[in-house]
> 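Encoded as structure tokens, here's the structure I'll be asking about.
Heavy-atom basis, side chains included; hydrogens, waters and symmetry copies ignored.
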Amino acid sequence: MPLAPSLPAARGPAPPPAASRTLVGVARPGIAPLAPGAPAEPDPELEARYQPAGELGATIAPMRFRAPALRNPALMRPLRLKQRLAPAPPSTRARTSRRAVVVVAAGGVLALGAVLFALLWPSAPPVTARARADAGGREVIELRCDSCPDGTAVSIGEGRATIAARVAQIPLASPLSVGENRMKVAIDRPGRGRDETVGVSIHVAYRIRPDLGTLQGERPSIQVVVEASKGTQVILDGKEVALTSGRAIESIDVTAAVTGLSDETKTLSRQVPYTVAPPDGPREQGMVSVAVGIVPLGIEAPGPSVVIDKESFVLAGRTARGAQLFAGAHPIAVRPDGTFAHVMNVSSVGATQFEVRAKMQGMAPRIAKIAVRRVDRLAAAAKEFAGRGPIGYAELAAGGKDHIGKPIALTGEVLEARRQGYSTLILLSVPPASGCKEAGATAASASPGAAARSPDACKVRLVHGAENPAQRGDVLTAYGSVAPPFAAPGGAEIPEVWVEFTLKGGR
């Protein structure tokens, strides 16, 4: 092997005898020694024709030469030869090729990901739906379709509606169940618009709704129906509701609110606050609101209480057109204009109370309680009435509305008496002896008649729910209860009494 020129020759082991072979075993094709392993004679012509190559491991032809001795024998160790013959590091071109493959592969992965993203990523749904209550309190599905022009017909099952301002409310044949509700929406766009059927999912976490079906019961009530998923805490009107299989019913008694006479349609309203705490959601608060009309009912005869000495009396009055009327369990015929009149029989002497109830679909009933007492003699009833501690005119005039409903007994002269339907209206003038303290009326006016004829005498309006034979100028004693004052023409108020019975003469 050639050495670096700067290294001087040094003594070392003698080189092995020259052999006719290449240094690394690669010979020029077609040239090979005739006697391998035997010394060959030099051929002057061959040596002149071929010159030695300077490349390691690429000797062109065999040639005889004597290599100088190596000064460093370690250069011939196999380890050094192995290190020099180790594979060379990868070329720059190979690294570039691998990088190109990696870039192309990464680009393919990104392109495939973009395609999958476009195909699989959920886009905004064309139709959204939610459950809600309409103005009448009925449960509907509110559908919103941004691609639907006005006039688009949408339907879910038998429920149909028309899109207006991209929104429609579809009525439901039955309420949705608590939880996930999947359904199909048929969309029919006007003209040549695209028709399609899309699926929607409506989740109902809980439902709190009023039920007015029990308003027509023996004791009218409003029910609040609660439905919620398992683990939900519901507080209704400040009290926690115990759910059984996800359901509970709370009743609100409204008997007192619908009991009493009223010639006008009143409104029964209730507001019940609630709090719902789902197991996996935020706490929500709201209000269950109920507003429903009460059927009007006015009793013209016999009034809230009556004492009779006969076997019958007339039940008469007015209610709403189309209403149903019951006296206890017995139906009473109602005329087309809402008036009614029915003869009621009392089979025996004694006191009883019955209930008159006016009913109409979609409204709360109106209940009026009437007390009836049959006696043998009205004079005996007058003595018993005194045991109830009735008030007189002085207390009536001083107490005003505070005495409404209290028993009262008044004696005076009849100024006017006339029939009005099935009742009798009497204007009674109360003398000073019976408690009148009007100016100009003195105790010296001895008889009740004299005081009654005075223009300054006190006046009371009597309403007797029966036919009364009293006439102008009669002295009459009326037994009954205090009613709200009557508004006379001109704005003045006159005390009024609901009469149970009357007797001629004073007490």
Side-chain angles (χ1 to χ4, degrees), residues 115-213 215 222-230 232 234 245-249 269 271-272 274 276 278-293 361-363:
V115 173
L116 293 176
F117 179 86
L119 293 177
L120 302 180
W121 185 260
S123 59
V127 175
T128 57
R130 64 170 182 165
R132 59 166 301 172
D134 64 2
R138 296 168 298 181
E139 188 169 320
V140 298
I141 293 179
E142 184 179 86
L143 198 72
R144 182 176 183 84
C145 178
D146 293 334
S147 63
C148 298
D150 289 353
T152 299
V154 291
S155 63
I156 298 178
E158 298 298 327
R160 301 179 181 277
T162 302
I163 293 286
R166 308 187 188 279
V167 177
Q169 290 187 351
I170 304 176
L172 291 174
S174 58
L176 298 175
S177 59
V178 173
E180 203 72 21
N181 296 267
R182 299 182 182 275
M183 53 194 64
K184 297 291 186 180
V185 181
I187 302 176
D188 183 7
R189 292 178 173 85
R192 296 186 177 181
R194 177 169 54 93
D195 298 338
E196 59 182 330
T197 300
V198 299
V200 295
S201 179
I202 303 175
H203 182 75
V204 179
Y206 64 90
R207 178 184 288 107
I208 301 178
R209 60 182 178 84
D211 184 0
L212 304 182
L215 277 177
I222 297 173
Q223 287 188 337
V224 179
V225 182
V226 180
E227 297 174 283
S229 56
K230 185 179 180 181
T232 302
V234 180
S245 299
R247 183 180 173 90
I249 298 178
S269 61
Q271 290 188 332
V272 184
Y274 67 83
V276 178
D280 55 353
R283 181 182 295 264
E284 298 183 18
Q285 295 181 339
M287 190 79 67
V288 179
S289 298
V290 177
V292 60
Q361 186 66 29
M363 300 183 70

> State, to 0.1 Å, how close Ala131 and Ile202 come at their nearest heavy-atom pair, and which atoms those are.
N-CG2, 3.9 Å
> State the OG1-CZ distance between Thr128 and Arg166, to the nearest 0.5 angstrom.
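It is 12.0 Å, given to the nearest 0.5 Å.
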> Find out whether Arg130 and Arg144 are in side-chain contact, i.e. whether some heavy atom of one side chain is under 4.5 Å from a heavy atom of the other.
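They are not in side-chain contact.
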> Which heavy atom in Pro279 sits nearest to a heavy atom in Thr232, and how many Å separate them?
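The answer is CD-OG1, 3.5 Å.
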> Can you give me the closest heavy-atom contact between Val140 and Pro171, atom names plus distance?
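Taking every non-hydrogen atom into account, CG1-CA, 4.0 Å.
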> Judged by modelled atom types alone, do Tyr206 and Glu284 share a side-chain donor-acceptor pair under 3.5 Å?
yes
> Pair Arg209, Val224 - check side-chain contact (heavy atoms from CB on, under 4.5 Å), show working.
CA-CA 6 Å; Arg209 60 182 178 84; Val224 179; over 6 Å; no
> Quick check: do Ser229 and Pro278 have side-chain heavy atoms less than 4.5 Å from each other?
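Not touching, per the 4.5 Å side-chain cut-off.
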> Quick one: are Val276 and Ile208 in side-chain contact, heavy atoms under 4.5 Å?
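Answer yes - side chains close enough.
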> Please check if any side-chain donor atom of Ser147 sits under 3.5 Å from a side-chain acceptor atom of Arg189, or the reverse.
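Ser147 vs Arg189: donor-acceptor pair found between side chains.
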> Does the side chain of Ile187 reach to within under 4.5 Å of the side chain of Cys148, using non-hydrogen atoms?
yes
> Do any pairs count as a side-chain hydrogen bond (donor to acceptor under 3.5 Å, both in side chains) and have a residue in residues 167-186, sequence neighbours left out, and if so which ones?
Ser177-Asn181, Glu180-Ser201, Glu180-His203
> Please, which pairs that meet side-chain hydrogen bond (donor to acceptor under 3.5 Å, both in side chains) have at least one residue in residues 149-164, sequence neighbours excluded?
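Sorted pair list comes back empty.
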> Are Glu139 and Arg132 ion-paired here, with the side-chain N under 4.0 Å from a carboxylate O?
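Looking at Arg132 together with Glu139, the answer is no, because their closest N to O distance does not fall below 4.0 Å.
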> Looking at Asp188, Val127, Ile141, Leu143, which hits side chain to side chain contact (heavy atoms under 4.5 Å, CB included) with Val154?
Leu143
> side-chain contact (heavy atoms from CB on, under 4.5 Å) for Val185 and Glu196? Distances and angles first, verdict last.
CA-CA 8 Å; Val185 181; Glu196 59 182 330; over 6 Å; no
> For Pro210 and Val290, work out which heavy atoms get closest and say how close.
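Closest heavy-atom pair between Pro210 and Val290: CB-CG2, 3.5 Å.
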> Is there side-chain contact between Pro175 and Arg207, with heavy atoms separated by less than 4.5 Å?
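Yes; the side chains approach each other to less than 4.5 Å.
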> Can you give me the closest heavy-atom contact between Ala186 and Thr197, atom names plus distance?
CA-OG1, 4.2 Å
